[in-house]
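Each remark here refers to the structure printed beneath this line.
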Amino acid sequence: MLETVAIKAVEQNEEMLVGLAKKIWEHPETAYNEVKACEWIAEALRNAGFEVEVGYADLPTAIKATWGKGHPIIGFLGEYDALPGMSQKVCATKDPVEAGAPGQGCGHNLLGVACLGGALGMKAELEASGKEGTVVYYGCPAEEALTGKTFMARNGAFTDLDLALSWHGGSVTGMNCGTANGLNSAIFHFHGVTAHAGGDPHNGRSALDAVELMNVGANYLREHVTSDVRIHYVIKEGGTAPNIVPDKASVWYYVRATSREAIEDTYNRLVKVAEGAAHMTETKLEIEFLGGCYNTLNNKVMTDVACDIVKNLPGPQWTQKELDFAQKLNEQSPQYEAMKAAGLLEGAPIYTGEAQISYRSGGGSTDVGDVQHIVPCMMMTTATCNKAAPGHSWQITACAGMSIGEKGMIYGAKVLAATAMKMVDDPKLVEAAKAEFAESMKGKEYKCPIPKEVPIPQPQK
């Protein structure tokens, strides 16, 4: 069993960390509105002796907290934003605290605090050993908007680091060295001319027609992109009544792929489709570019270190009450029957096995990918919910507000702290991680996908 000063420090801070995670869970705040979570985590960092900057990189709810001196400089990437509409009580049936309200449907109340625990663990062992090293905690807003770290990077964040560490709760304990998708996000607004649809339709220029023609063009575009590309959209505005030609309509698009090159190529072609729709309908097009992020680039050297630590550090011990709770959640999951038939639910209803390194590419997106194109960075997962919990679901909210999520969070903090100190103790590992990063980048440099003219969203009052 692995026992280090860093791991023991996490254990010594467990009561504070769990209390903080619970408080953030009880006060969910959506992207760019994480005022309370930011304040509470900043206070915990100040109490621990960190030099704390709130409003870092011109983002009101971003934090940079620093302790120590010299190299390696290791960053911990915390998050704390909640998801809209994911309110849920700690119970095994769907029952929101407040209907339609936000909730921690991705477990970010655990995420920010696990990284805080990792930073505290690294600090404690550096203090005890007298070794050189600098701990940096980043409080990163708006991961769910996929732009928080990207805006931070645009304003110079992360460049002073040697390495970065990230953690996320999930249904397994493991790491993915495949490539998760990067993304561009934009709303296409069309402006036409209103008219009576029955009395004088010839005088109207329908913005909704433009949206629909754009969507048709986008769907034909799917045949002519590489297989890693994903294009999704939702109509945000389409008019007020059938007998009124809509003079305003808008559609929101995501373009995803496993490389920035494929994202940018597809997005530029999508813009041409939108321009064509505007020409066909004699409407005017306005593009509201919301942001973008890079694909992930998980560092294998650091991943191997974390995986080895997991193999030597026993995971959470689940009580019968927790196992029963997880089983009830599994049985209500829309994935239950398919996962059961595939043998994926055999054994305990919460993951208990050793760490798994997968190489799956595609799927969702995270702005951690931007950091991974600036410095060597590893992202790992420990089990914080039932096996069959769908992503972004009320089941995850329920687990994130109770002991299942909290135990997984503390375990994740221990792994982060131990991984950081392993890198401090062995400079050759740091050199190897940097060499791998340089090889992966192939001479390219990070170019922020959000132009300077796109404003940083501000907290809603």
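Nothing here was measured: the structure is a model prediction, and the numbers come from that model. Heavy-atom basis, side chains included; hydrogens, waters and symmetry copies ignored.
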(request) Before giving the answer on side chain to side chain donor-acceptor pair (under 3.5 Å), spell out for Q395 and S333 the whole-Å C-alpha distance, their side-chain angles and the decisive distance to 0.1 Å. (result) CA-CA 8 Å; Q395 296 194 3; S333 170; 4.7 Å; no

(message) salt bridge (charged side-chain N to carboxylate O under 4.0 Å, His left out) for E406 and K22? Distances and angles first, verdict last.
(response) CA-CA 8 Å; E406 292 155 3; K22 197 176 292 291; 2.9 Å; yes

(message) Could you check whether atom OH of Y220 has more than 12 heavy atoms from other residues, nucleotides or ligands sitting under 6.0 Å from it?
(response) no

(request) Please determine if D425 and K131 form a salt bridge, counting it only when a charged side-chain N lies under 4.0 Å from a carboxylate O. (result) yes

(message) Is it the case that the ring center of Y233 lies less than 6.0 angstrom away from the ring center of Y254?
(response) no

(message) One pair to check against side chain to side chain contact (heavy atoms under 4.5 Å, CB included): E144 and T30. What are the steps and the verdict?
(response) CA-CA 8 Å; E144 295 298 353; T30 54; over 6 Å; no

(request) Could you tell me which non-hydrogen atom of T150 sits nearest to which non-hydrogen atom of C448, and how far apart they are? (result) O-SG, 3.5 Å

(message) Before you tell me yes or no, could you show the steps for E261 and K444 under salt bridge (charged side-chain N to carboxylate O under 4.0 Å, His left out), namely the whole-Å CA-CA distance, both residues' side-chain angles and the distance that decides it to 0.1 Å?
(response) CA-CA 12 Å; E261 292 80 4; K444 298 176 184 176; 2.8 Å; yes

(request) For Q458 and P60, work out which heavy atoms get closest and say how close. (result) OE1-CG, 3.3 Å

(message) If I compare all heavy atoms of A218 with all of Y253, which pair ends up nearest, and what's the gap?
(response) CB-OH, 3.3 Å

(message) Any non-hydrogen side-chain atom of L17 less than 4.5 Å from a side-chain atom of I410?
(response) yes

(request) Give me the one residue out of Y351, W167, Y411 that meets side-chain hydrogen bond (donor to acceptor under 3.5 Å, both in side chains) with T382. (result) W167

(request) Kindly indicate, with the supporting measurements, whether the criterion salt bridge (charged side-chain N to carboxylate O under 4.0 Å, His left out) is fulfilled by E51 and R46. (result) CA-CA 7 Å; E51 182 181 327; R46 289 191 194 98; over 6 Å; no

(request) Sequence neighbours left out, what pairs pass salt bridge (charged side-chain N to carboxylate O under 4.0 Å, His left out) with at least one residue falling in residues 149-172? (result) K64-D160, E79-K149, K149-D367, D162-K434

(request) May I ask you to decide if P390's main-chain N or O and S393's side chain share a donor-acceptor pair within less than 3.5 Å? (result) yes

(message) For a side chain to side chain contact (heavy atoms under 4.5 Å, CB included) check, start with the C-alpha distance between R269 and L221, then their side-chain angles and the critical distance, and finish with the verdict.
(response) CA-CA 8 Å; R269 293 170 73 187; L221 177 61; 3.6 Å; yes

(request) Establish, yes or no, whether a centroid distance under 6.0 Å links the rings of Y137 and F76. (result) no

(request) Check the pair I456 / N155 against side chain to side chain contact (heavy atoms under 4.5 Å, CB included), numbers first and verdict last. (result) CA-CA 11 Å; I456 294 169; N155 291 344; 3.6 Å; yes

(request) Mind listing the closest non-hydrogen atom pair of E322 and I404 along with its distance? (result) O-CD1, 3.6 Å

(message) Less than 4.5 Å apart, side chain to side chain, heavy atoms only: is that true for H108 and L83?
(response) no

(message) Has N299 got a side-chain atom pairing as donor or acceptor with A433's backbone, closer than 3.5 angstrom?
(response) yes

(request) Measure the acute angle between the ring planes of F151 and Y32, then classify it against the limits of 30° and 60° as parallel, tilted or perpendicular. (result) perpendicular

(request) Tell me, with the steps shown, if H71 and E132 meet side chain to side chain donor-acceptor pair (under 3.5 Å). (result) CA-CA 6 Å; H71 292 269; E132 281 209 350; over 6 Å; no

(request) Could you check D304 against K300 for salt bridge (charged side-chain N to carboxylate O under 4.0 Å, His left out), going step by step and ending with a plain yes or no? (result) CA-CA 6 Å; D304 285 340; K300 183 66 164 52; 2.8 Å; yes

(message) Determine whether V310 and T173 satisfy the following criterion, side chain to side chain contact (heavy atoms under 4.5 Å, CB included), listing intermediate values before the conclusion.
(response) CA-CA 9 Å; V310 171; T173 294; 4.0 Å; yes

(message) Using the side-chain hydrogen bond (donor to acceptor under 3.5 Å, both in side chains) criterion, which residues pair with S185? Sequence neighbours excluded.
(response) W252

(message) Using the ring centroid of each side chain, check whether Y446 and Y294 are separated by less than 6.0 Å.
(response) yes

(message) If I compare all heavy atoms of A389 with all of I396, which pair ends up nearest, and what's the gap?
(response) CB-CG1, 4.0 Å

(message) Taking the ring centre of each residue, are F289 and Y267 less than 6.0 Å apart?
(response) yes

